[in-house]
Amino acid sequence: MTDNGNPYLPYPARILRVTEENSQIKSFELAFTDPERHRAFTYRPGQFVMVSVPHGGEAPISISSSPTRPGGLTLSVRKAGRLTAALHRMTAGELVGLRGPYGRPFPVDELKGRDLIFVAGGIGLAPLASVVNLCLDRRGEYGQLTLLYGSRSPADIAFGAELEGWRRAGVKCLLTVDQGGEGWTGQVGLVTTLFAQISPDPGRSSALICGPPVMFRFVAAELTRLGLSDQDIITTLERHMKCGLGVCRHCHLGPKLVCAHGPVFTLAELRGLREAELS
Amino acid sequence: MNDHLILKKDHTLSLLRRLMREHRLVAPLRNRHGDTLFAEVDDLAGVELDLEHQPQASLKPFLFPQQETMFRYRLDGEGGGYRFEPPEAGRPLLFFGVRACDLSAVLYLDVIFSRRGRDPYYFARRHDSLLISLACNQPFANCFCNSTKTGPFLEYGFDLQLTDLGDRYLVEVGRARGAELVGRWRHFFTPAEEGDRKAQYQALLESRSHFQRQVHLEQAIRRLQADEPLPEELWAGLARRCQDCGGCAYVCPTCTCFTITDQQLTATEGIRQRSWDACTFGGFTRLAGGHNPVDASRDQLRQRFLHKLLYDVREHGRPSCVGCGRCLGICFGGVDIVRFIDLVCEVRQ
């Protein structure tokens with residue numbers, strides 16, 4: 001893609017549509033205002049963009065749409081701080097700035113032919129959704145697709161429309177909530193409790209995980225118990241970032257930088273890195 | 001051309017005046033408070049050039065300012081635009097009287113700001129800049145560039161390197177830009193004699209024998225590379241004494257961590273700014289929502305020291321401490337990099 005020579009300059013993008021996924025998460029479908037840039041923009045699942053909100057600065061947001069689908073770029077955003085709160089107040093037609101995409105994507109080519117277990121907690125489903133949709137669009141290239149998705153409560157279950165579509169398309173979707181409620185007849189408990197319902201073949205399975213550090217630790221332990229190797233346990237990390245270019249160093253994991261070496265890492269790559277919060 | 005020349009001290013200001021026609025001169029000046037600092041010089045007549053003392057700050061602020069505007073942004077009303085306008089570059093810089101450590105640091109900055117393409121802000125100032133260094137005949141009290149191998153004299157990296165030989169400077173020509181300068185202002189220079197070169201060598205030997213500190217950097221690096229974790233108490237002890245002031249990062253010529261923020265100027269306009277940051281600050285890695293993957297109470301200084309002495313050794317083949325000693329002078333907790341090196345050397349293998 002052509003560049004303006006200054007990697008820090010964002011390009012304006014218009015919000016096409018806002019979907020409220022739950023009380024904390026909204027999805028924004030975006031298109032660059034320059035149609036040529038929009039056509040030329042390519043990305044891979046697991047990559048992120050730096051999003052500028054007028055007067056609000058910039059933050060890294062992972063892409064939740066799949067490059068295999070036409071239309072805008074979708075970012076699913078949990079209201080977590082000032083910038084995301086400002087983004088949540090924005091509506092269709094308004095402009096944000098975008099630069100990127102950045103980061104090492106999920107190894108979707110190497111994963112061809114394998115059974116994939118997606119494990120997500122809350123907003124963690126956003127980057128994984130990109131991979132699920134890519135796999136469904138290239139259905140013959142991947143084996144069984146299983147999603148284990150944990151939410152705090154039934155009302156917090158996000159991406160309802162996506163989940164419905166994935167179920168219809170044959171993805172085994174297992175949901176759990178930390179705290180049940182009236183009318184909830186599904187699983188109650190942490191996402192690890194769902195492992196009792198699956199029996200993956202470790203030789204042909206890879207796991208893609210995104211969620212809070214404590215969730216990742218327990219999920220990784222379960223997957224190891226099921227026989228998956230550290231190479232086949234893949235996660236994507238959220239970190240504070242300012243440049244996205246491997247310079248500002250806010251996203252360091254000791255010697256590694258999440259923006260440049262990640263955000264996608266295998267468990268094998270994270271072992272021994274204190275800042276990866278594996279213990 | 002002979003790459004060893006003589007420049008008479010009496011001619012130096014006159015040469016600088018010529019060069020100032022095309023360059024903004026940055027040189028160590030003694031100010032009215034008695035501090036020596038690099039500063040931009042508009043008129044050499046009104047200032048006191050100080051080549052005796054170590055400048056208290058490095059060249060870093062001139063290439064990577066403490067705060068700079070990355071671009072101005074404008075919002076053009078209802079459904080209009082969101083435009084980003086970067087600033088124009090200024091005249092090229094000429095750095096004069098640069099010590100070996102600070103020049104070595106610039107070579108490191110060149111690498112850091114070349115990640116993922118050249119940093120447009122850094123290279124707008126670095127590009128076309130001239131570096132005239134001054135070899136250190138007498139190391140300062142906190143210097144340890146002999147351990148970091150970044151001084152007291154340089155072998156490369158400079159455009160011109162000057163060595164003080166009393167009433168004259170021996171001039172070594174380094175990069176092409178230095179040769180160009182000498183070629184253009186030929187009448188300021190005369191060829192060096194054999195005796196001048198001997199005098200320079202003598203000065204180098206004497207300088208090497210005058211270091212007051214013995215810093216066992218190589219031993220510390222070997223210990224860090226052994227991949228055997230350092231005692232937790234070592235890290236915690238350093239963290240307890242760090243006062244979170246960021247002074248070490250600010251005076252450090254190779255610390256380049258930064259943050260980026262927007263500053264709103266009017267309802268429809270603002271600027272995006274880049275400012276120095278420090279990995280030692282408790283909030284450096286804190287995420288929106290409050291979670292922090294780094295426990296500062298335990299690891300406040302870990303990233304600072306390991307980045308310089310281990311990660312950069314692995315990535316670039318050499319540590320990114322240049323031995324200028326400024327963090328020794330500024331840290332009131334006594335947890336400067338030499339303290340760390342000493343502590344690592346004391347750990348039993």
Side-chain angles (χ1 to χ4, degrees), chain A residues 3-14 33 50 52-59 78-85 93-99 102 212-213 237-260 272-277, chain B residues 70-71 73 75-76 78-86 112-122 227 229 255-265 267-270 272 274 277 279 283-295 298-299 302-303 306-307 310-312 314-315:
Chain A
D3 212 286
N4 52 27
N6 183 337
Y8 289 102
L9 290 190
Y11 293 95
R14 198 172 299 282
T33 55
M50 295 298 291
S52 289
V53 171
H55 305 310
E58 219 176 14
R78 184 170 66 94
K79 195 161 53 172
R82 257 176 312 169
L83 182 139
T84 50
E94 292 189 274
L95 295 173
V96 296
L98 294 180
R99 58 187 180 91
Y102 298 124
L237 297 179
E238 182 196 9
R239 283 297 183 276
H240 186 50
M241 285 180 198
K242 287 296 181 182
C243 72
L245 300 163
V247 190
C248 80
R249 299 197 82 89
H250 281 267
C251 65
H252 76 79
L253 299 175
K256 292 190 176 161
L257 296 173
V258 171
C259 69
L273 297 179
R274 182 131 145 178
E275 295 80 359
E277 303 180 282
Chain B
M70 304 178 82
F71 54 78
Y73 61 84
L75 300 157
D76 298 335
E78 196 69 21
Y82 184 17
R83 291 185 290 122
F84 310 95
E85 300 155 6
I112 294 309
F113 286 109
S114 298
R115 292 229 170 97
R116 293 279 190 96
R118 290 152 71 86
D119 185 278
Y121 307 100
Y122 176 84
D227 240 4
C255 269
T256 52
C257 289
F258 59 79
T259 189
I260 295 176
T261 48
D262 277 4
Q263 194 190 331
Q264 180 171 353
L265 299 178
T268 57
E269 264 182 61
R272 181 159 295 170
R274 172 157 84 176
D277 208 335
C279 66
F284 186 73
T285 44
R286 189 167 54 227
L287 280 76
H291 177 68
N292 195 336
V294 175
D295 176 359
R298 182 183 71 166
D299 286 338
R302 183 183 163 89
Q303 184 66 12
L306 292 187
H307 180 198
L310 178 61
Y311 308 149
D312 273 336
R314 285 186 187 149
E315 198 176 335

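Values in this document were obtained by computation on a predicted structure and should not be read as measured data. Labels below follow one simple rule: chain letters A, B, ... track the order of the sequence lines, proteins then strands, and each chain is numbered from 1. Just so it is clear, the values below take in all heavy atoms, side chains as well, and ignore hydrogens, waters and symmetry mates.
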Point to revise | Whether His55(A) and Tyr73(B) hold their rings parallel, tilted or perpendicular, with breakpoints at 30° and 60° | key: tilted

Which bit of [X] comes within less than 4.5 Å of chain A, counting heavy atoms only: side chain, backbone, both or neither?
X         : value
Asp277(B) : side chain
Glu85(B)  : neither
Gln303(B) : side chain
Ile260(B) : both

Review point. Between Thr261(B), Asp119(B), Asn292(B), Asp262(B), which has the largest tally of heavy atom pairs under 4.5 Å with chain A?
Key: Asp262(B)

Review point. Which of the residues Gln263(B), Arg314(B), Arg286(B) is involved in the greatest number of heavy-atom pairs with chain A at under 4.5 angstrom?
Key: Arg286(B)

Check your understanding: Hey, are the side chains of Arg115(B) and Cys243(A) touching, using non-hydrogen atoms and a 4.5 Å cut-off?
Key -> no

Exercise for review: Test Glu238(A) against His291(B) for side chain to side chain contact (heavy atoms under 4.5 Å, CB included), laying out the working first.
Suggested key: CA-CA 11 Å; Glu238(A) 182 196 9; His291(B) 177 68; over 6 Å; no

Exercise for review: Not counting sequence neighbours, which residues clear salt bridge (Lys or Arg N to Asp or Glu O under 4.0 Å) with Asp299(B)? List them please.
Suggested key: Arg274(A)

Using non-hydrogen atoms only, which part of [X] is less than 4.5 Å away from chain B: side chain, backbone, both, or neither?
X         : result
Ala260(A) : both
Ser52(A)  : both
Glu94(A)  : neither
Pro213(A) : side chain

Check your understanding: So does Arg298(B) have more than 12 non-hydrogen atoms from other groups sitting under 6.0 Å from CZ?
Key -> yes

Practice item. Output the option from Pro12(A), Pro54(A), Ala80(A) having the highest count of non-hydrogen pairs under 4.5 Å with chain B. Key: Pro54(A)

Do you know the tightest heavy-atom contact between [X] and [Y]?
X         : Y         : result
Gly81(B)  : Leu95(A)  : C-CD1, 3.5 Å
Tyr311(B) : Gly254(A) : CE1-C, 3.3 Å
Pro120(B) : Pro7(A)   : CD-CD, 3.8 Å
Tyr8(A)   : Phe71(B)  : O-CE2, 3.4 Å
Gly97(A)  : Phe84(B)  : CA-CZ, 4.2 Å
His240(A) : Thr285(B) : CB-O, 3.9 Å

Exercise for review: Nearest 0.5 Å please: distance from the CZ atom of Phe113(B) over to the CG atom of Leu245(A).
Suggested key: 11.5 Å

Check your understanding: Atom SG of Cys255(B) and atom CZ of Arg249(A): how far apart are they, to the nearest 0.5 Å?
Key -> 10.0 Å

Exercise for review: Quick one: list whatever passes side-chain contact (heavy atoms from CB on, under 4.5 Å) with Leu237(A), sequence neighbours left out.
Suggested key: Thr235(A), Arg239(A), Leu253(A), Val258(A), Phe265(A), Leu270(A)

Check your understanding: Given the rule in the side chain to side chain contact (heavy atoms under 4.5 Å, CB included) test, do His307(B) and His252(A) qualify, once you have shown the distances and angles that lead to the verdict?
Key -> CA-CA 10 Å; His307(B) 180 198; His252(A) 76 79; over 6 Å; no

Check your understanding: Is it true that a side-chain atom of His250(A) and a backbone atom of Phe284(B) form a donor plus acceptor pair closer than 3.5 Å?
Key -> yes

